[in-house]
Amino acid sequence: MSLAAAPSQVRTAPRARFSKRIRKLTDTWVWIGVATLILTFLYIPIVVLVAFSFNSSRSLSWPMTGLTLDWYRKLAENDQLIAAVQNSVYVAVSATILTLLIGVPAALALDRLEFPGKGVFRKLVLLPIALPGIVTGISMLILFRLMGFGLSLETVIIGHATALLAVVVTQVFARLQRLPRSLDEASADLGASGWQTFFLVTLPNIRTAVIGAGILSFTLSFDEIPVTFFLTGRDNTLPMYIWSTMRRGLTPEINAVGALIVAASILLILISVLLQRERTGQGR
């Protein structure tokens, strides 16, 4: 290498590093812009719904004519709507509990046991979530009719639990796959029984997956329509009530209950994050 070429290379190196930093910074801002556009597209309708729940006019037109809490007061006086919300909460909570009681042991069986037809069993567990809701609803309606069961909120709970079982099994099974088997072996070496190992070792380590699956199951059950449509009796759930009132158009009371559901969803997310942080702190 000649001495004349050395200064040229010294000058070129900082330029190359500068160009590399510019490209990296550009790529970062491009991804930030894309993510911002996606989040804006997803959340602007929710912001609009919450805003119109405070609109003083019944018409859903922009700009808003003023701010009021009248629609929340009318919501509190709407007995049918309140009953529908209570029914939805009852169905979602019951279906979530039933799904967890069945799904967590099923995930443990898939992860820890070897039995004939294990592959078929795993695929059958995942089948309900892959089927359209209308198929699940019709098939369970026929089954309940054949067994002589009357349609009620309890049949809706069974239908939701059946449809959402795969949600719990897949999430808990995925977490169990990452859990070291040495923990169970160490617990057994220390003289713990199977139940003690589950409650003191396994369950604390899969708690975040169970909580996440429960929250997701609750959310999916709360706004489920196809299965509910075929299995409900005289009692309305909130989605069915909103669907029945769509013929007259959306009312500000619906916006108000939607805003309250958004607030409750944010609260559930915060609780989930706090529980996960608590678990991380204990792990350290």
Side-chain angles (χ1 to χ4, degrees), residues 42 45-46 49 80-107 110 120-174 209-248 250 254 257-258 260-262 264-265 268-269 272:
L42 290 175
I46 298 176
L49 180 144
Q80 291 183 347
L81 183 55
I82 295 298
V85 173
Q86 292 174 346
N87 290 337
S88 288
V89 172
Y90 166 67
V91 168
V93 170
S94 302
T96 300
I97 294 173
L98 183 59
T99 304
L100 290 174
L101 290 176
I102 299 175
V104 173
L110 287 173
V120 177
F121 174 71
R122 183 177 180 182
K123 292 179 175 59
L124 289 176
V125 169
L126 299 178
L127 183 61
I129 200 171
L131 289 174
I134 189 172
V135 175
T136 303
I138 292 175
S139 60
M140 298 203 71
L141 172 62
I142 295 173
L143 176 64
F144 287 136
R145 290 298 189 189
L146 290 175
M147 297 177 65
F149 289 168
L151 298 181
S152 62
L153 292 178
E154 284 67 35
T155 56
V156 176
I157 292 170
I158 296 174
H160 286 192
T162 302
L164 299 174
L165 182 62
V167 174
V168 176
V169 173
T170 52
Q171 292 201 30
V172 176
F173 179 75
V210 173
I211 292 173
I215 292 175
L216 182 57
S217 298
F218 177 88
T219 304
L220 294 175
S221 175
F222 191 86
D223 65 359
E224 171 65 38
I225 290 182
V227 175
T228 307
F229 179 82
F230 289 101
L231 299 182
T232 190
R234 297 180 179 180
D235 298 315
N236 257 343
T237 60
L238 180 61
M240 296 298 298
Y241 176 86
I242 295 175
W243 178 79
S244 64
T245 59
M246 284 292 292
R247 301 171 186 173
R248 302 188 300 270
L250 287 175
I254 301 299
V257 73
L260 293 177
I261 291 172
V262 170
S265 301
L268 287 175
I269 292 172
S272 176

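Computation of the quantities below employed the complete heavy-atom set of this structure, encompassing side-chain atoms and omitting hydrogens, waters and symmetry-equivalent molecules. Everything numeric here is computed off the predicted structure, so don't read it as measured data.
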> Looking only at heavy atoms, which two atoms of Pro226 and Ile134 are closest? And how far apart?
Replying inline: CB-N, 3.8 Å

> Do the side-chain N and O atoms of Thr228 and His160 include a donor-acceptor pair separated by under 3.5 angstrom?
Replying inline: yes

> Taking side chain as C-beta onward, heavy atoms only, is Asn87 less than 4.5 Å from Val156?
Replying inline: no

> How many angstroms lie between CG in Leu143 and CG in Leu146, if you round to the nearest 0.5 Å?
Replying inline: 6.5 Å

>> Before you tell me yes or no, could you show the steps for Tyr90 and Ile157 under side-chain contact (heavy atoms from CB on, under 4.5 Å), namely the whole-Å CA-CA distance, both residues' side-chain angles and the distance that decides it to 0.1 Å?
In response: CA-CA 9 Å; Tyr90 166 67; Ile157 292 170; 3.8 Å; yes

> When rounded to the nearest 0.5 angstrom, what is the spacing between CD1 in Ile142 and CZ in Phe230?
Replying inline: 9.5 Å

>> Restricting to non-hydrogen atoms, name the atom on Ser88 and the atom on Leu238 that form the minimum distance, rounded to 0.1 Å.
In response: OG-N, 2.6 Å

>> Minimum heavy-atom separation for Tyr241 and Ala84, please, with both atom names.
In response: CB-CB, 3.9 Å

> What closest approach, in Å, do Leu151 and Leu231 show between heavy atoms, and which atom pair accounts for it?
Replying inline: CB-O, 3.5 Å

> Quick one: are Val91 and Ser221 in side-chain contact, heavy atoms under 4.5 Å?
Replying inline: yes

> Is the number of heavy atoms from other residues, nucleotides or ligands within 6.0 Å of CZ (Phe229) greater than 12?
Replying inline: no

>> With heavy-atom distances below 4.5 Å as the criterion, would you say the side chains of Thr99 and Val167 are in contact?
In response: no

> Is there side-chain contact between Leu216 and Gln171, with heavy atoms separated by less than 4.5 Å?
Replying inline: yes

> So how far is it from Thr232 OG1 to Leu141 CG, rounded to the nearest 0.5 Å?
Replying inline: 11.5 Å

>> Return the CG to CG distance between Leu164 and Leu220, rounded to the nearest 0.5 Å.
In response: 5.5 Å

> Which heavy atom in Thr170 sits nearest to a heavy atom in Ala166, and how many Å separate them?
Replying inline: OG1-O, 2.7 Å

>> Quick one, Gln80 and Asn236 - any side-chain contact, counting heavy atoms below 4.5 Å?
In response: no

>> The test is side-chain contact (heavy atoms from CB on, under 4.5 Å); show your working for Val168 and Ser217 and say whether it passes.
In response: CA-CA 8 Å; Val168 176; Ser217 298; 3.7 Å; yes

> Which atom pair, heavy atoms only, marks the closest approach of Thr96 to Gly214?
Replying inline: CG2-O, 3.4 Å

>> Rounded at 0.5 Å granularity, tell me how far CG in Leu153 sits from OG1 in Thr237.
In response: 8.0 Å

> In Å, rounded to the nearest 0.5 Å, how long is the span from CG of Leu81 to CD of Gln86?
Replying inline: 10.0 Å

